[in-house]
Amino acid sequence: MKFSSLYETYEAMREPGCRLKADGAQLDAGEGARLLRVECELTCAGQAGMARLEAALNPDEAHGAAWLDAVRPGALCSLALGYGDSLTDVFCGFFYDVLWSDPLDGGTILLEALCLDVRGRLMLTSCADAGAKRTLSQLVEAILGQSCCTQLAPKRTVCQPPEDWDLPVQRPGRSDYSVVCGAADFLCYEFCAFADELYFGPPRPERDPAVTFDGPNGLMRLVRRRTLAGQCAATAVSGTDDAGERIYSRRARAGDSGFGTDKMSGVLTGDFHRPEPLVRTMAQAQYLSQARMERSQRRAGGLSGHCVGLPELRPGRFIQVSDLSEPAGGTYYVHTVRHVLDEAGFQTWFEAEDE
């Protein structure tokens with residue numbers, strides 16, 4: 001999908017719109033309710049996505065009273081953005097924090113609400129069975145089968161860990177959510193929540209770009225960043241097998257040569273490198289060292305942009321830049337997207353890293 005064709009579809013002459021549902025009822029703006037700002041942020045990082053809502057309400061009018069009744073902590077919330085009659089669901093979660101500012105002299109009530117996505121709900125509802133012991137695959141299936149996941153994200157994608165990885169998890173008081181996030185980090189997996197889908201598995205399952213930025217139309221800002229961090233990175237992973245023998249694996253950037261390489265290698269193989277308790281096989285050590293090295297190199301470069309509102313742009317997808325300056329060209333992986341609808345219209349900010 002080329003950005004130029006998207007811009008022709010989403011031209012400035014078309015009014016952006018949104019659909020907000022709370023507790024199963026659609027909240028309409030009109031007499032008695034005025035939507036000031038909606039900000040939605042989705043991310044692949046280890047945190048919950050959120051939507052922030054600001055509105056001015058008149059409780060004496062039908063719309064204002066409906067908003068006051070529906071917007072309450074714990075109520076399910078969904079948000080769709082788009083143009084004209086074409087709206088795309090971008091967020092599904094629940095109201096976490098709601099603030100009604102009621103002036104003493106009466107009049108309009110200001111509403112501020114913060115909604116969290118599926119992972120936010122898991123933070124609050126997941127309970128640990130102290131002392132229970134389950135393999136990682138059983139744990140992931142159990143946590144994604146919770147009622148909050150079926151309500152908020154009916155589509156679930158669960159990729160199994162490598163077959164030779166039997167990772168029993170002892171959970172003395174830790175929540176299922178904290179364990180599965182820790183497991184995702186250990187496996188270099190993603191644990192992402194979108195509007196209608198929850199994903200647990202290897203990062204970047206699809207590499208086809210969702211959007212190609214092929215011209216400046218509607219693209220307000222594009223910033224390319226490159227650092228030397230990826231050129232200076234090396235990763236070492238160590239553990240202990242069942243017999244107490246030390247396991248060790250090291251990875252460095254491709255073409256690891258030049259000043260200080262021997263010194264770096266010597267330091268990384270030193271005994272001070274603390275073994276990780278879950279690394280028990282060489283296969284695990286080799287997989288982790290390679291995956292962590294690749295992740296470190298990807299983070300050495302990135303792209304940030306600001307454009308006309310694109311509801312199709314989501315974390316976990318790729319974008320391609322072409323027909324612009326040569327240093328900015330290439331394919332990037334989107335990890336954070338922020339949609340904002342306010343009096344200035346509908347705009348999207350995004351952050352991406354190297355493919």
Side-chain angles (χ1 to χ4, degrees), residues 42-49 117-119 122 134-145 149 153-169 176-210 230 233-237 239 247 249-254 276 278-303 313-320 330-337 350-355:
L42 299 172
T43 177
C44 293
Q47 64 189 53
D117 69 9
V118 175
R119 289 175 295 175
L122 289 174
R134 291 183 286 182
T135 62
L136 179 61
S137 58
Q138 291 173 332
L139 177 66
V140 172
E141 290 287 357
I143 192 172
L144 299 188
C149 289
K155 298 178 184 178
R156 300 194 301 276
T157 301
V158 183
C159 294
Q160 298 296 335
E163 294 181 359
D164 60 341
W165 287 30
D166 180 19
L167 297 178
V169 182
D176 285 349
Y177 176 79
S178 64
V179 171
V180 79
C181 282
D185 184 64
F186 179 79
L187 291 168
C188 299
Y189 274 18
E190 285 182 348
F191 183 34
C192 307
F194 301 134
D196 59 354
E197 184 172 353
L198 196 67
Y199 174 77
F200 182 91
R204 309 165 193 232
E206 299 178 1
R207 295 185 177 271
D208 293 332
T235 302
V237 175
I247 299 169
S249 176
R250 173 182 178 268
R251 291 289 187 276
R253 67 183 178 89
E276 298 185 39
L278 292 181
V279 177
R280 301 198 312 270
T281 67
M282 180 58 72
Q284 292 174 337
Q286 292 175 342
Y287 167 86
L288 282 174
S289 60
Q290 181 65 34
R292 291 175 180 176
M293 182 62 203
E294 292 175 355
R295 182 167 60 180
S296 176
Q297 288 183 312
R298 289 195 299 265
R299 291 177 176 175
L303 192 76
L313 198 56
R314 306 279 189 88
R317 296 182 177 179
F318 287 86
I319 60 174
Q320 187 174 21
T331 303
Y332 301 87
Y333 180 72
V334 179
H335 60 78
T336 300
V337 175
F350 60 89
E351 296 181 19
E353 60 186 26
D354 285 349
E355 181 182 9

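Residues: numbered from 1 along the sequence shown.
Qualifying side chain to side chain donor-acceptor pair (under 3.5 Å) partners for Glu294, counting only residues two or more places apart in sequence or in other chains: Gln290. Residues satisfying the side-chain contact (heavy atoms from CB on, under 4.5 Å) criterion with Ala184, sequence neighbours excluded, are Tyr189, Phe191, Phe200. Applying the salt bridge (charged side-chain N to carboxylate O under 4.0 Å, His left out) rule to Arg156 yields no partners; only residues at least two apart in sequence or on another chain are considered. Residues satisfying the side-chain contact (heavy atoms from CB on, under 4.5 Å) criterion with Thr43, sequence neighbours excluded, are Ala45, Gln47, Arg119, Thr336. With sequence neighbours excluded, the residues satisfying ring pair (Phe, Tyr, Trp, His ring centres under 6.0 Å) with Phe350 are Phe213.
In this structure, OH in Tyr333 is found 13.5 Å from CG in Asp354, a value given to the nearest 0.5 Å. With values rounded to the nearest 0.5 angstrom, Cys192 atom SG is found 9.5 Å from Glu197 atom CD. Going from atom NE2 of His335 over to atom SG of Cys44 covers 8.5 Å, rounded to the nearest 0.5 Å. Rounded to the nearest 0.5 angstrom, Asp208 CG and Gln320 CD are separated by 10.0 Å. Atom CD1 of residue Ile247 and atom CE of residue Met282 lie 6.0 Å apart, to the nearest 0.5 angstrom. The CZ atom of Arg251 sits 12.0 Å away from the CD atom of Gln297 when rounded to the nearest 0.5 Å.
Closest non-hydrogen pair, Arg314 versus Val337, comes out as C-CG2, 3.8 Å. In terms of heavy-atom proximity, Cys149 sits nearest to Val118 at SG-CG1, 4.0 Å. The minimum heavy-atom distance linking Tyr332 with Ala352 is given by the pair CB-CB, 3.7 Å.
Judged by distance alone, with hydrogens and angles left aside, the side-chain atoms of Ser289 form a donor-acceptor pair with the main-chain N or O of Ala285 at under 3.5 Å. Checked by atom type and distance alone, the side chain of Tyr199 never pairs as donor or acceptor with a backbone atom of Cys159 at under 3.5 Å.
In this structure the side chain of Val279 reaches within 4.5 angstrom of the side chain of Phe186, judged on heavy atoms.
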